[in-house]
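Worksheet: the structure to be examined is printed underneath.
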Amino acid sequence: MNRNFIAMLGIVTALLMVAALYMAFLYVPNEATQGIVQRIFYFHVPCAWVAFAGFGLVAIAGALYLWLGDQIWDDLGQAAAETGMVFCTLVLITGSIWAKPIWGVWWTWDSRLTTTLLLWLMYGGYLMLRAAADETPQSARVAAVLGIIAALDVPVVIVSVRLWRTIHPAVLVTRQGGHGLEDPRMVATLLVAMAAFTALFAWLLILRLATLRTRARLNRLTLEIALAEAGD
Amino acid sequence: MSAFAAILRKDLRLELRSGESTIAMVALSILILVVVVFALSQAGARGTEAAAGALWIALLFSGMVGATRALGAERENGCIAGLLIAPVDRATLYLAKLAAALVFMAVAEIAAVILMVLFFNLSFDSGLLRMVPILALGLLGFAALAIMLAAIAGHTRLGDLTLPMLAVPIYVPALIAGVKASAVLLGGAPFGAAWTWIRILIAFDVIYTVAGYLLFEHVMAEQA
């Protein structure tokens with residue numbers, strides 16, 4: 001990966017992030033009913049978006065690895081899972097911080113919360129598998145299969161969890177979605193925050209991918225040296 | 001097809017002679033049901049919802065043992081090498097292992113259902129018979145997923161410890177559907193009342209049986 005490109009992306013990310021922070025804390029007006037707490041929304045939603053994108057990437061990278069067998073897809077799968085996991089954790093944390101004053105509880109078994117938690121657990125398992133497996137092509141294939149199997153579950157999870165909650169009496173019917181943004185400044189802030197987090201995600205992903213590529217190269221070189229020495 | 005029958009027959013004969021997996025699974029099912037009854041309060045340990053929940057916890061964790069043993073027994077004595085060298089494609093091997101695991105899990109499940117009726121003061125009536133397709137779908141989905149994941153877990157240093165962490169989150173949608181459908185039917189409702197949940201179970205089973213059939217070669221390929 002080109003060094004200059006990574007540096008440029010880092011700078012763009014930093015600028016966008018400063019803009020997003022300024023807009024979320026100073027520029028955007030308070031939401032009428034929720035007050036200041038609602039501002040966490042501008043971080044929460046972008047985190048959720050990149051977390052889901054990361055998990056999608058894991059499955060795509062897995063399928064490409066099984067198909068093409070190139071090491072880079074395996075590395076991409078790992079980098080995407082790790083980065084996605086970070087943002088998925090942030091989604092759960094920022095969601096809890098928001099839920100406590102608004103819903104009165106840190107956690108509720110709402111369908112979106114449950115789906116996110118299950119995704120978090122699945123990819124926790126995926127990363128655990130990667131941590132506990134040796135770095136062999138066979139382990140890479142196994143991880144790729146797990147990434148695909150987990151992604152196949154997402155539609156079933158969404159449907160079943162939604163039914164589970166609709167049939168149960170809903171204690172909390174407050175639903176805060178993207179449509180509550182009546183002020184154009186709110187939309188602008190959300191868009192800038194989305195761009196900032198997408199750039200941050202891409203930057204972290206590429207940095208991690210570059211590290212993994214370097215490590216793979218180092219392993220190859222070490223092996224070559226060992227073989228050359230054994231040959232002498 | 002004959003390779004499928006041969007592997008299945010081998011597994012069933014092995015199990016008839018040793019009984020290892022089934023005994024472990026039945027014992028675990030009993031223990032789980034006992035533990036759930038102790039863990040719930042006197043009032044909580046009554047009623048069909050608690051009974052259905054306990055039954056599915058037993059299914060989930062005894063199934064985990066069954067899936068682990070399905071491939072673990074082959075590894076312990078090196079049989080897996082023979083199986084992989086044999087001119088049998090991996091998909092057939094997967095289906096045979098799935099069929100064998102289903103038989104063992106069904107035995108454990110029958111024991112669990114009987115105990116559930118006794119522990120939760122239910123009655124042996126037609127409600128239990130109507131649950132058969134639900135439990136069969138639940139077992140098929142779990143076995144299809146867990147055989148695959150057990151093969152995956154076999155590649156790690158943690159081995160079988162990895163299986164629950166991979167299997168439980170993925171199985172949750174089927175678990176929700178199974179518990180709900182069982183509670184509905186145990187409560188005396190007609191079969192149609194559980195149809196929403198049955199559809200989810202069917203979808204889950206189709207997805208993971210097909211995925212296992214297609215992807216098993218990747219998780220068993222060069223392993224010996």
Side-chain angles (χ1 to χ4, degrees), chain A residues 55 59 62-67 69 74 85 88 109 111 113-168, chain B residues 49 141 144-146 148-181 183-184 193-197 199-208 210-212 214-224:
Chain A
F55 293 152
L64 286 172
Y65 182 77
L66 289 184
W67 184 28
D74 178 49
M85 187 74 178
C88 197
W109 294 98
S111 62
L113 277 71
T114 312
T115 303
T116 312
L117 179 67
L118 285 175
L119 268 185
W120 188 81
L121 287 172
M122 275 182 222
Y123 288 95
Y126 176 89
L127 288 175
M128 229 192 58
L129 175 80
R130 302 209 68 131
D134 303 317
E135 282 174 47
T136 60
Q138 181 60 47
S139 303
R141 288 174 80 177
V142 164
V145 170
L146 181 61
I148 295 170
I149 289 184
L152 288 177
D153 205 30
V154 173
V156 196
V157 166
I158 290 173
V159 172
S160 71
V161 162
R162 196 176 293 155
L163 283 169
W164 180 52
R165 275 299 116 179
T166 354
I167 283 174
H168 248 255
Chain B
E49 293 233 342
L145 172 69
M148 188 77 178
L149 294 178
I152 289 177
H155 290 278
T156 64
R157 287 185 293 276
L158 294 172
D160 303 337
L161 278 178
T162 323
L163 180 61
M165 315 203 189
L166 303 181
V168 175
I170 299 182
Y171 191 63
V172 163
L175 185 75
I176 290 175
V179 171
K180 286 291 174 187
V184 166
W195 180 238
T196 318
W197 302 113
R199 278 189 313 188
I200 292 178
L201 283 171
I202 292 174
F204 189 91
D205 289 9
V206 170
I207 290 174
Y208 285 103
V210 172
L214 294 177
L215 295 171
F216 200 61
E217 60 167 310
H218 294 292
V219 297
M220 288 303 278
E222 297 128 35
Q223 188 188 50

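Letters A, B, ... mirror the listed sequences (proteins, then strands); counts begin at 1. Given the structure is predicted, the values throughout are model-derived calculations rather than measurements.
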Check: A:Q138 side chain, B:H218 main-chain N or O, donor-acceptor pair, under 3.5 Å: yes
When you compare the side chain of B:R199 with that of A:V159, does any pair of heavy atoms fall below 4.5 Å? no
Show your reasoning for whether side-chain contact (heavy atoms from CB on, under 4.5 Å) applies to B:L158 and A:M128. CA-CA 10 Å; B:L158 294 172; A:M128 229 192 58; 4.2 Å; yes
Got a second to check how far A:L121's CG is from B:M165's CE, nearest 0.5 Å? 11.0 Å
Check whether B:I176 gets within reach of chain A through its side chain, its backbone, both or neither, counting any heavy atom under 4.5 Å. side chain
Once rounded to the nearest 0.5 Å, what's the spacing between atom CD1 of B:I207 and atom CG of A:L152? 6.5 Å
Residue part contacting chain A, namely of B:I170, when any heavy atom lies under 4.5 Å: both
Report which part of B:L161 has an atom under 4.5 Å of a heavy atom belonging to chain A: side chain, backbone, both, or neither. neither
Counting heavy-atom pairs under 4.5 Å with chain A, which one of B:L149, B:L166, B:L145 comes out on top? B:L166
Grab the two heavy atoms, one from A:L66 and one from B:L215, that are nearest each other, plus how far apart they are. CD1-CD2, 4.0 Å
Proximity breakdown for A:I148 and chain B, heavy-atom pairs closer than 4.5 Å: side chain
Structural part of A:M122 lying under 4.5 Å from a heavy atom of chain B: both
Within a strict 4.5 Å, meaning less than it, do heavy atoms of the B:V172 and A:V157 side chains meet? no
Note: A:D153 and B:P169 closest approach over all heavy atoms is OD2-O, 3.9 Å
If I take atom CD1 from residue B:I200 and atom CG from residue A:L163, how far apart are they, to the nearest 0.5 angstrom? 4.5 Å
Could you check which of A:G124, A:A132, A:G125 has the highest count of heavy-atom pairs closer than 4.5 Å to chain B? A:A132
Donor-acceptor pair, side chain of B:R157 and main chain of A:A131, under 3.5 angstrom: yes
Counting C-beta onward and ignoring hydrogens, is there a side-chain heavy-atom pair between B:V219 and A:L146 closer than 4.5 Å? no
With chain B, which of A:L118, A:I149, A:V154 has the greatest number of heavy-atom pairs at distances under 4.5 Å? A:I149
